[in-house]
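Quick caveat: nothing in here was measured; it's all calculated off a predicted structure. Residue numbers count from 1 along this sequence.
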Amino acid sequence: MLSWKEWMGDTYYERDDIHPMETNEIDENNSFNENNYFFDDTSPFETDIHPMDTNETYENESLNESRYFFDDTSPFKTNKVFNSRQELMDWVQNMANTLGYVIVIKNSKRNFNVVFQCDRGGTYKSTQISKKKQGQKKLIVHLAYRIKMICEFHNHEPSLYLEGHPYPRRLTEYECRIVEDLLKKNVKPKDILSALKNLNPKNVSTLKTIYNADEKLRRREREGKTQMQGVMEFLDQNGYVYYSRANVLTNKLEDLFFAHPRSLEIWRAFPHVLLMDATYKTNKYGMPLLEIVGVTPTNMAFSIAFVYMHEEKQSNYVWALDCLKSVMEGCMLPRVIVTDREMALMNAYTIIFPDAKGLLCRWHINNNIMKKCKSCWDVLYTSWTRLVNSETKEAYNKNLAQVEKTTNNYPDAFSYLNKTWLTPHKEKFVSAWTDKFLNFGNHTTNRAESQHAKLKRYVETSRSDIAKSLKRIADVVESQYTGIKASLAHNKIFIVHRYYEIPHLKPLCRFVSIYALDIIFKEYERSKEFGFVYENCGCQVRTSYVLPCAHEQAIFVKKGHCVPLHSVDKFWKKLDLLECKSLEDDKLGCAVEVNMFNAHYEKQSRPVKLSLARKLLNLITPSTTSVSEPATHKNTRGRPSLKKKLFKKTHIDLNHDPPTQHPPPQDQPTQAPPTQYPSRRSISTYTPDYMRSNLFDLNQEPDRHSTYSFREPPMFNSTFNQEQSMHSSYFNQEQVMYNSDPLMNEIPYEFHPYVTNIQNVRGDGNCGFRAIAACLGYSEDNWRQIRLDLQNELLAHPAEYAQIFDYDLNTIHHSLNFNGSHFAPTDHWLIMPVTSFLIANKYNVIVIFLSKDSPSTCFPLWLGPQDISTHRVVVIALVRGDHYVKVDLHGGYPMPTILPLWRHNRSSRSAGWKIVYAARLNSYISPFATHNNCNNSTVIISDNYGIKYCGRDKTDKA
């Protein structure tokens, strides 16, 4: 028998982890008994084992022969040589699982060995140092793919259920692929788990495992992109034709048109019919989804395009249909359009497709009448149906009289029918008119409704985002594409013998769709009854379907002729997906446009070149778009009510009383600034007191339906008690008095109740910089320092501002670069509101720019509200179109809309500005200040000559 050291070589392991007690306790309380330990010289580990390097593995452990024993009956005893490391790992883990244990890798070294241990092994780590160790099993595996046992004992019982262990719940590579495929096919997690259990009965994964796999897949797909970047990337990579529009102020997505390449292929083949209807509850933003549906000659419906819209207004529909028209690229335009009575949509398709015949959906009409005329619908239904199906105008007048007679006891019902439907729209749904032009038998939008239902079965939830909905829509389109190809092939190869045996219909088989043959055959049956008398036929099939009607077929049969193919409309004869009209192969190129861009690009300065290059990159790679996801909408249908119109016209909040006027505060609370403001690219640990009491993350955008409870920070409203200069060397001490009316009329009237002072400055071309100096508490004569500060700010960060401004940086720099004592030329005047960014970033202030056309708010781009102890507001106004003044606002005045460029380019730290001042920003959107409330407010208009005018609004003077 080999000695211990001879058998083990240099590789050994102490058995401290077998017993949870310390070594000394074992030696004192338990005597050594050699019978408890034995070594077998027949152990399979005796041969072909390469010893490990002690210094690398267990260099701090000492050898104690009395503390080891090995059992030759161990289930891990094997002479098997494994072909790969993975095969070895599978064998070890499967063997351990059968015993109720889970074996994991403790550590491994490349090209050396792998050490396994029990998943419950290791030393417990806590705040208190523990000398106890958990029991564990350890195996050492060499690259020879054999097993060397160190310790196989546990200080715990085997597990009854492996589902409680994280490691065995892991999915194999094969299972991961299955889960990903099923998740992409929108299979529910519980069904995926059931499928895995069926494939592998030994699988111990739980439902949480599937949810984790789903989240991992989503993260991998996002790759750090925003939702809209992921949406644009998906559309671009999959060959969609898409257009989008964003809100000019907020840059949030408003409208998104997209068409799957498969859908366009089918529509270019069958562009004759359009069915349009909007559906709801398909996304978490509350946006209506307009679905445009087409029809094939085999009587199948297919989705052409989808449009997410923020409102169902005529302008939105016009934009969507114009996008649809641009997709056709010279192909045939639609001949029939069917919608419900959505006036905005009806007006829109009249503008975009003026030659198309418009029809109203009879199903929607009946539903509306049934809701409006509940009391008489049972007696009205029969006569109304007969009226709608009237084949001639004479029959229509007769049936109309019958409807009027039926509703004698319900005068309101007949008035509704006549005024809402019959008088304005009877030509769009009554057969006496609709059967006189081509409609291919489409009188309802039921096909569109069925596509809505199919889409919602795929999406499954009304809280889906756009990215997920796009994938489900793609699945719907792919299924439609497969079904349509199968139906077209079936119509070309399948012969209906019932029609083939009729001599005059035989030539049409396999050249006309089976659905068209069904219609022709019904007319043939009618011809046996009416013969070839034109008056008895009516010819509705000829005029509305462009197929041989009853009397035509009677003539063909009498003469022994076959139905010629040219008597059938081309719609019914097209059994392929080739385009209806061949496009000219004009080899479209963009060489001219590229040359124009290059010529324009070379003329620009370096910052502008960077800006143009960034825009071009966004065009080529839509995944870099700055458009944000849509806002959540509550009501998107129809025109605004009279109340809303009044609100938009007068800017009066009908739900709030006007604010009471208060005198301006004498002193405002301030806080001591931090000892050192953080740099723009650093993270500050300073937190003012007003932020410590409000535990919300200022680095995150506010949730749409969440509310915040917070106090606004102390804020200076640009009122400083500094002595102003009373004389001007340029004007030679000339005194000028301004009446309150002209200047107040230049201020947007939403702010009139809050204006306490308008300080005029010299109009020498530097008035903008003089007003800024006055707002910052300096004398207006310090305008040169303001110009210099803003120049330094621009030159200190040229790359950052080049990405922000669409303006030429040279133009902005030139406007700042003036130091003369004479009147400043116009090209050196203050450019607003773009210079607001320089002011806000240089002086760490909030800039409010007031003008009648586009008032705006700008916050610092790189510092957040938590970085600035006292928030100061600079308010300047543009009056008379070319002069700037300082304005002092008091109280809870509203803040105008934030500049869109700030939203696009702000840092993560500055996101909190929007949260802190959300109430003020929202109050501008829904102002409760009215123009008439200014009647009792005292306004002080002052200039630098010591003259102040206290006056009231001109309505008081009257």
Original post:
Checking Asn922 side chain against Ala918 main chain: does a donor-acceptor pair fall under 3.5 Å?
Top reply: yes
Subject >> Non-neighbouring partners of His904 that pass ring pair (Phe, Tyr, Trp, His ring centres under 6.0 Å), sequence neighbours left out >> reply: none
Subject >> Under 3.5 Å: donor-acceptor pair, side chain of Ser815, backbone of Asp827 >> reply: no
**OP:** Answer yes if the side chains of His310 and Tyr285 hold a donor-acceptor pair under 3.5 Å, and no otherwise.
**Re:** no
Subject >> Main-chain N/O of Asn745 paired to Lys852 side chain as donor or acceptor, under 3.5 Å >> reply: yes
Subject >> Counterpart residues, side-chain hydrogen bond (donor to acceptor under 3.5 Å, both in side chains), relative to Gln791 (two or more places apart) >> reply: none
Original post:
Aromatic rings Tyr801 and His797: how do their planes relate, parallel, tilted or perpendicular, breaks at 30° and 60°?
Top reply: perpendicular
Original post:
Angle class for the His814/His828 ring planes (parallel below 30°, perpendicular above 60°, tilted otherwise)?
Top reply: tilted
Original post:
Are side-chain heavy atoms of Met744 and Ile758 found at a separation under 4.5 Å?
Top reply: yes
Original post:
Between Asn844 and His871, do the side chains contain an N or O donor and an N or O acceptor separated by less than 3.5 Å?
Top reply: no
**OP:** Mark yes or no for whether Gln229, through its side chain, and Thr226, through its backbone, hold a donor-acceptor pair below 3.5 Å.
**Re:** yes
**OP:** Please report the C-alpha distance between Lys225 and Glu233 in whole Å, then the side-chain angles of each, then the deciding distance to 0.1 Å, and finally whether the salt bridge (charged side-chain N to carboxylate O under 4.0 Å, His left out) criterion is met.
**Re:** CA-CA 10 Å; Lys225 300 182 180 68; Glu233 182 180 34; 3.5 Å; yes
Subject >> Any donor-acceptor N or O pair under 3.5 Å, side chains Asn766, Arg787 >> reply: yes
Original post:
Can you name the ring pair (Phe, Tyr, Trp, His ring centres under 6.0 Å) partners of Tyr884, sequence neighbours left out?
Top reply: none
